[in-house]
J.: 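The structure that follows is given in the form of structure tokens.
Naming convention: chains lettered A, B, ... in sequence-line order (proteins, then strands); numbering from 1 in each chain.
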Protein chains: 2
Amino acid sequence: MRTQGARGRARTPLRAETVARTALALVDSGGLESLTMRRLAASLEVQLPTLYRLFDNKQALLDEMAETLLAGVLARADLTGDTWEERAAALARALRATLLAQRDGARVVGGTYTAQQATLTLADTMLAILGEAELPPEKALWAATTLFSYVLGEVLEQQGATGGETELLAASVRDGRYPRLAATPWERFVDFDARFDFGIRVLTAGLRAECARRP
Amino acid sequence: MRTQGARGRARTPLRAETVARTALALVDSGGLESLTMRRLAASLEVQLPTLYRLFDNKQALLDEMAETLLAGVLARADLTGDTWEERAAALARALRATLLAQRDGARVVGGTYTAQQATLTLADTMLAILGEAELPPEKALWAATTLFSYVLGEVLEQQGATGGETELLAASVRDGRYPRLAATPWERFVDFDARFDFGIRVLTAGLRAECARRP
DNA sequence: ACCTGAACACCGTTCAAGT
DNA sequence: ACCTGAACACCGTTCAAGT
């Protein structure tokens, strides 16, 4: 409804990135499930088939959305740290912050396998940083994917967790069948920032140890 | 079609786990997108509303599927290693193997936030192993989630990668804008087993370093 | 009490028919 | 050449009407 508002108005040609940005805004307000080609068309005041001239299908749109998201990571990263450990951690933190800033961001990025500019630039930047660690090239590559996989997995869990489910979890644990889980303080489980800092520290320490290994 | 075959036949009441297992088989053969309540009902020779007496909605079914998958991890793990590092690595490997054995396994598990028996048992087992590392309880918890997040992220990427996209990636890199990426041998990028071994070694080495840190 | 058929309110995607 | 309206073949979910 209300597509008349646009009729007759001169409009600049619709760009794929504009569509992707509007789609991300829809996800932000209603979650990934609420993203619909129909709703997206309505939000852009465009007919439904117009979207299919820009994207072959919904998956192609999701790929572009992931690309758009990842394009913001480098701008957010402060890569002025003195050591490669600091700089790698800063890039990982920027990726996490970008994913967290977008509702369902990890699901958007994790559901695609893009080989577009932003993704490759991000990977190349991480490789440049890890190259300073004097790791052989293949290990630097593996180190980069290890860091990215960790960040994605961690944000995926954080964005999937809801207050209600956390309470359910706490209740299940109190029944005594999971003694180790019950022994750990629950506030710490959902302290996602502290968890992430820990994980990054573990990974960078492990990479340092890997550098010391001479093959 | 063909629901007549079941009519009049005495049948045992349908169990939720049976439904979940059949659903996983459907995903195995056609991918997660092909899993439909209608197709699932047909595959079970059951009317569509019957599924809704067992599950409130499709998400509840997916939760049960994740639980069913994770229930197989411990049986697959060889936890007889001498050191906690070996045992933690073995459990992580068993989780990876379980997810890889099921098409779209990482997406099934990553898309849910279950606090059911199998999930909690898995977490508790990992905590028991990490407890031997003399980490304080909260760090042991964080270490467990770090390992699980890493495994999930890694399998998510592996299962998302297809041959065609890998070629596309290789082509993008050859154009010279990503010098670091271009400098690394491509066979190694898709050697997922080697990547995972590397990641697990880095994580366990990092955890060992964390143990040495006295707060 | 249980199960069925049929519907409701949507989807992603495509295409003939118009201008 | 481009855009539109309308359809196609599905979805997840619900419910009145039957037995």
Side-chain angles (χ1 to χ4, degrees), chain A residues 1-16 18-20 22-27 29-66 104 107-108 111-114, chain B residues 1-16 18-20 22-27 29-66 104 107-108 111-113 160:
Chain A
M1 63 196 81
R2 285 294 215 123
T3 53
Q4 297 109 319
R7 197 174 293 169
R9 203 197 293 160
R11 54 195 317 168
T12 63
L14 196 57
R15 283 167 49 233
T18 309
V19 177
T22 308
L24 286 171
L26 280 181
V27 172
S29 69
L32 189 53
E33 282 74 15
S34 78
L35 177 63
T36 279
M37 298 302 269
R38 281 177 162 80
R39 270 203 270 255
L40 180 57
S43 181
L44 288 160
E45 294 188 51
V46 143
Q47 291 313 115
L48 187 48
T50 304
L51 296 180
Y52 286 90
R53 285 189 306 112
L54 287 166
F55 300 101
D56 282 346
N57 45 46
K58 193 179 182 181
Q59 185 55 56
L61 167 66
L62 287 165
D63 290 347
E64 182 72 26
M65 290 165 66
D104 286 332
R107 281 168 71 198
V108 170
T112 71
Y113 187 74
T114 43
Chain B
M1 62 194 81
R2 287 292 215 122
T3 52
Q4 297 108 320
R7 196 173 295 168
R9 204 197 290 160
R11 55 195 316 168
T12 62
L14 196 57
R15 283 165 51 231
T18 309
V19 178
T22 307
L24 286 171
L26 279 182
V27 172
S29 69
L32 189 54
E33 282 73 16
S34 78
L35 177 63
T36 279
M37 298 303 267
R38 281 178 162 81
R39 271 204 269 256
L40 180 57
S43 181
L44 289 160
E45 295 188 49
V46 143
Q47 290 314 114
L48 187 49
T50 304
L51 295 180
Y52 286 89
R53 285 191 305 113
L54 287 167
F55 300 101
D56 282 346
N57 46 46
K58 192 179 182 182
Q59 186 56 55
L61 166 67
L62 287 165
D63 289 348
E64 182 71 26
M65 289 165 66
D104 285 331
R107 280 168 71 198
V108 169
T112 71
Y113 187 76

J.: Does Asp104(A) use its side chain to pair, donor to acceptor, with the backbone of Leu32(A) at less than 3.5 Å?
T.: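 Yes.
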J.: What does the 5'-to-3' dot-bracket notation of DNA chain C look like when only Watson-Crick and G-U wobble pairs under 3.5 Å count, and pairs to other strands show as |?
T.: ||.|||||...|||||.||
J.: Under 4.0 Å between any heavy atoms, over every strand shown, what does Leu40(A) touch: base, sugar-phosphate, or nothing? Just pick one.
T.: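 No contact.
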J.: Rounded to the nearest angstrom, tell me the gap between atom CD in Glu33(A) and atom P in dT13(D).
T.: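 That distance rounds to 11 Å.
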J.: Output the rounded distance in Å from CZ (Arg38(A)) to C1' (dT14(C)).
T.: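 After rounding, the gap between these two atoms is 11 Å.
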J.: Please give, in whole Å, the distance from dC11(C) C1' to Leu35(A) CG?
T.: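 It is 12 Å, rounded to the nearest whole Å.
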J.: For Thr36(A), give me all partners under side-chain contact (heavy atoms from CB on, under 4.5 Å), at least two apart in sequence or on another chain.
T.: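 Once residues adjacent in sequence are excluded, the partners of Thr36(A) under the side-chain contact (heavy atoms from CB on, under 4.5 Å) criterion are Arg38(A), Arg39(A).
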J.: Mind listing the closest non-hydrogen atom pair of Leu62(B) and Val108(B) along with its distance?
T.: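 Looking at all heavy atoms of both residues, the shortest contact is O-CG1, 4.3 Å.
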J.: Between Arg39(A) and dC11(C), does any side-chain N or O lie under 4.0 Å from OP1 or OP2?
T.: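 So the side chain of Arg39(A) is within the cut-off, an N or O lying under 4.0 Å from OP1 or OP2 of dC11(C).
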J.: How would you list, by chain and number, every residue that makes a side-chain hydrogen bond (donor to acceptor under 3.5 Å, both in side chains) with Arg15(B), sequence neighbours excluded?
T.: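 Scan of Arg15(B) (side-chain hydrogen bond (donor to acceptor under 3.5 Å, both in side chains), adjacent residues dropped) gives Glu17(B).
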J.: In whole angstrom, give the distance that lies between atom CD of Gln47(B) and atom C1' of dA16(D).
T.: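 Value for this atom pair: 16 Å.
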J.: Looking at Ala20(B) and Glu64(B), what are the two nearest heavy atoms and their distance?
T.: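 Nearest pair, atom of Ala20(B) first, then Glu64(B): CB-CG, 3.6 Å.
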J.: Could you pull out all residues at least two apart from Ala23(B) that satisfy side-chain contact (heavy atoms from CB on, under 4.5 Å)?
T.: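 Per chain and number, Ala23(B) pairs via side-chain contact (heavy atoms from CB on, under 4.5 Å) with Leu35(B), Leu40(B), Leu61(B), Met65(B).
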J.: Test of understanding: with side-chain contact (heavy atoms from CB on, under 4.5 Å), list the residues that count as partners of Ala60(B), not counting sequence neighbours.
T.: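 Checked Ala60(B) against side-chain contact (heavy atoms from CB on, under 4.5 Å); matches are Phe55(B), Asn57(B).
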J.: Take the protein atom CE of Met37(B) and the nucleotide atom P of dC10(D), then report the distance between them rounded to whole Å.
T.: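 After rounding, the gap between these two atoms is 18 Å.
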J.: Does any part of the side chain of Val46(A), heavy atoms only, come nearer than 4.5 Å to the side chain of Thr22(A), both counted from C-beta?
T.: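 The answer is no; the side chains never approach within 4.5 Å.
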J.: Give me the residues of residues 48-61 of chain B where at least one heavy atom lies under 4.0 Å from an atom of DNA chain C, by number, or none.
T.: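 Listed by number, they are Pro49(B), Arg53(B).
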